[in-house]
Amino acid sequence: MTTALADTKNLLADLISRYRSQVDYLAIRLEAAEGTDILLRGTKIETLSEGISIGGQVRACHKGGWGFASFNQLSTLSDRIEDAIAAARLVGTEETILAPVDPVQDICTLPLTGTDPRQIPLAQKKSLCQYYGGLLREVDSRIATVSVRYGDSAQKMILATSDGTFIEQSWVDIEMRFAATARNGETVQTGRETIGSRKAYEDLIGLDGQVRSAAQRAVDSLALSPVKGNAYTVVIDPILSGLFVHESFGHLSEADMAYENPDLLEVMSLGRRFGSPELQIFDGAALEGHRGSYFYDDEGVPATTTQLIKDGVLVGRLHSRETAGKLEETPTGNARCLNYHFPPIVRMTNTWIERGKTPVKDLFSDIKEGVYARNWLGGMTNGEMFTFTAGEAWMIRNGEIAEPVRDITLSGNAFKTLADIEGIGDDFYWDESGGCGKGGQSGLAVGCGGPSLRIRDVVVGGEAIEE
């Protein structure tokens, strides 16, 4: 251990020892981050910045009440500890219940497989954005606007707790987003692609085909007819199934959603059947190489892999130490915060539906009239209800993929949709483009995965059917 790190460890240990008797639990997090943000819109660079952020947070718990304080100057740490303790003691009236965990002493770095983006000059990153912007614009004269966004961040976190945990953990994350909007008269269509990685800057190189395809989809959609709104049997590709499992089911599996909502807790009772015996759903940060992966969560709990649905039955949920303690379950290592400005809350990591045994071509068989949807443009959820917009889609007629259509929105109830899954494909794809939002903490890196799915009775929005 370096001298500077040893000095930091001693400082935090001394502070925790000094204040430990005033609360039931105390955690101090120090963080240093640096990153790049570039936004190209049209032909102009609107944002071009490199930044460094240094700060920390204090969390204190007393009689079940939490106090939180963040800071940018280490010299004020003692004052912020006292602020957090005062707030916790002011609101705490019950019992502090935190699931027990073994204290951890560790130093770890998520490994890169290629070039660290911090080694790439800002001018080179700018040129990459301009190059991809040019690819978007040159696809067709009907491309009205384009945007390219580049972001990278490198974070190092030190966590010390009153349980005896001391962890230093660091990682690098990179992402690019591409969008092209095509216009023909009053008809406007947009194509998007997002690429994310925690492996190497090289993962953002050589994306010409994907970038052009985003613009081409926008142009091609101009001439398509809107889908006729109805309830259809739908086949969705792995990217959409990953989005579906994250947005519509994953958030419901976050235990803070359940223990704060008795009605949801009753619905999400362990042992309840939600789908066919073939349905298997997991979440976990223990998988190597994905954007939601890490060694320890932001409470110092080791990363795990949690099976949420086994053989169609709910068998697990995602926890912080507090939710695990209150529900008398095992911590899963899912307490995460975006940065030191926010307290850790229960968040997904890498969430996926396990591949099935049905050949993908067989998912289409016997569908007299249905919809095949791929990729995504956006979506929203409200509790158990969801609405997603597909990036591209085709009608299915008599078991075959037929004419392409546009303006595809898929809506439904998560629990009913899980039960309505008729077939699970033997393919699989990891989507590393996710940036999850919850509790005011938006853009947290996650991974989503899944196979193609066949689902009956999905409400597909579009033009109204004429009676």
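Reckoned from all heavy atoms, side chains included, excluding hydrogens, waters and symmetry mates.
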Does any N or O in the side chain of [X] come within less than 3.5 Å of the main-chain N or O of [Y], such that one atom is a donor and the other an acceptor?
{"X": "T165", "Y": "T161", "result": "no"}
{"X": "E247", "Y": "F386", "result": "no"}
{"X": "E50", "Y": "T36", "result": "no"}
{"X": "Q57", "Y": "R29", "result": "no"}
{"X": "S442", "Y": "G437", "result": "no"}
{"X": "R192", "Y": "A214", "result": "no"}

Side chain proximity check, [X] to [Y], heavy atoms < 4.5 angstrom:
{"X": "F364", "Y": "V235", "answer": "yes"}
{"X": "T387", "Y": "L410", "answer": "no"}
{"X": "R183", "Y": "Q189", "answer": "no"}
{"X": "V446", "Y": "R291", "answer": "no"}
{"X": "Y429", "Y": "W352", "answer": "no"}
{"X": "V458", "Y": "T233", "answer": "no"}
{"X": "I143", "Y": "L136", "answer": "no"}
{"X": "F68", "Y": "V58", "answer": "no"}

Which atom names give the shortest non-hydrogen contact between [X] and [Y], and what distance separates them?
{"X": "T330", "Y": "H319", "answer": "O-CD2, 3.5 Å"}
{"X": "F388", "Y": "F244", "answer": "CE1-CA, 3.7 Å"}
{"X": "F342", "Y": "C337", "answer": "O-CB, 3.3 Å"}
{"X": "A324", "Y": "A99", "answer": "CB-CB, 3.8 Å"}
{"X": "L40", "Y": "G133", "answer": "CD2-CA, 4.3 Å"}
{"X": "D431", "Y": "S433", "answer": "OD1-OG, 2.7 Å"}

We want to know whether [X] and [Y] form a side-chain donor-acceptor pair, criterion being a heavy-atom distance below 3.5 angstrom.
{"X": "S170", "Y": "T109", "value": "yes"}
{"X": "T332", "Y": "N334", "value": "yes"}
{"X": "Y201", "Y": "D203", "value": "no"}
{"X": "N375", "Y": "E392", "value": "no"}
{"X": "S452", "Y": "D427", "value": "yes"}
{"X": "Q155", "Y": "W171", "value": "yes"}
{"X": "N350", "Y": "S293", "value": "yes"}
{"X": "D457", "Y": "Y232", "value": "no"}
{"X": "T115", "Y": "E202", "value": "yes"}
{"X": "T190", "Y": "T181", "value": "yes"}
{"X": "T389", "Y": "T409", "value": "no"}

Would you call [X]-[Y] a salt bridge at under 4.0 Å N-O?
{"X": "E400", "Y": "K361", "value": "no"}
{"X": "R355", "Y": "D426", "value": "no"}
{"X": "D152", "Y": "K125", "value": "yes"}
{"X": "R456", "Y": "D420", "value": "yes"}
{"X": "E254", "Y": "R317", "value": "no"}
{"X": "E278", "Y": "K357", "value": "no"}
{"X": "D173", "Y": "K199", "value": "no"}
{"X": "K416", "Y": "E384", "value": "no"}
{"X": "E432", "Y": "R198", "value": "no"}
{"X": "R59", "Y": "E299", "value": "yes"}
{"X": "K156", "Y": "E31", "value": "no"}
{"X": "R454", "Y": "E422", "value": "yes"}
{"X": "R149", "Y": "D37", "value": "yes"}
{"X": "K438", "Y": "D256", "value": "yes"}

* To do: Would you check, one step at a time, whether the test side-chain contact (heavy atoms from CB on, under 4.5 Å) holds for V148 with R177?
  => CA-CA 6 Å; V148 177; R177 295 177 177 268; over 6 Å; no
Nearest-0.5 Å distance that lies between atom [atom1] in [X] and atom [atom2] in [Y]:
{"X": "S253", "Y": "I281", "atom1": "OG", "atom2": "CD1", "answer": "7.0 Å"}
{"X": "N184", "Y": "L222", "atom1": "CG", "atom2": "CG", "answer": "5.5 Å"}
{"X": "D237", "Y": "R374", "atom1": "CG", "atom2": "CZ", "answer": "6.0 Å"}
{"X": "T349", "Y": "R347", "atom1": "OG1", "atom2": "CZ", "answer": "11.0 Å"}
{"X": "C108", "Y": "F295", "atom1": "SG", "atom2": "CZ", "answer": "5.5 Å"}
{"X": "F249", "Y": "L314", "atom1": "CZ", "atom2": "CG", "answer": "5.5 Å"}

* Do the two ring centres, one from Y372 and one from W394, sit under 6.0 Å apart? -> yes
* Output, in order, the C-alpha distance, side-chain angles, deciding distance and verdict of side-chain contact (heavy atoms from CB on, under 4.5 Å) for L252 and M268. => CA-CA 8 Å; L252 297 174; M268 293 288 289; 4.2 Å; yes
* Using the ring of each side chain (for Trp, its six-membered ring), is Y132 parallel, tilted or perpendicular to F178, with breaks at 30° and 60°? ->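 The arrangement is perpendicular - the two ring planes meet at more than 60°.
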* **More than 12 heavy atoms from other groups under 6.0 Å of CD on E46** =>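 Yes - once you tally the heavy atoms of other residues, nucleotides and ligands closer than 6.0 Å, there are more than 12.
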* E403, CD atom: more than 12 neighbouring heavy atoms under 6.0 Å -> yes
* **Derivation and outcome, side-chain contact (heavy atoms from CB on, under 4.5 Å), residues R321 and V301** => CA-CA 8 Å; R321 289 186 61 191; V301 178; 3.9 Å; yes
* **Member of L318, L264, T323 meeting the side chain to side chain contact (heavy atoms under 4.5 Å, CB included) criterion with M257** =>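 Passing option: L264.
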* side-chain contact (heavy atoms from CB on, under 4.5 Å) assessment of I236 paired with I455 -> CA-CA 8 Å; I236 61 175; I455 311 169; 4.1 Å; yes
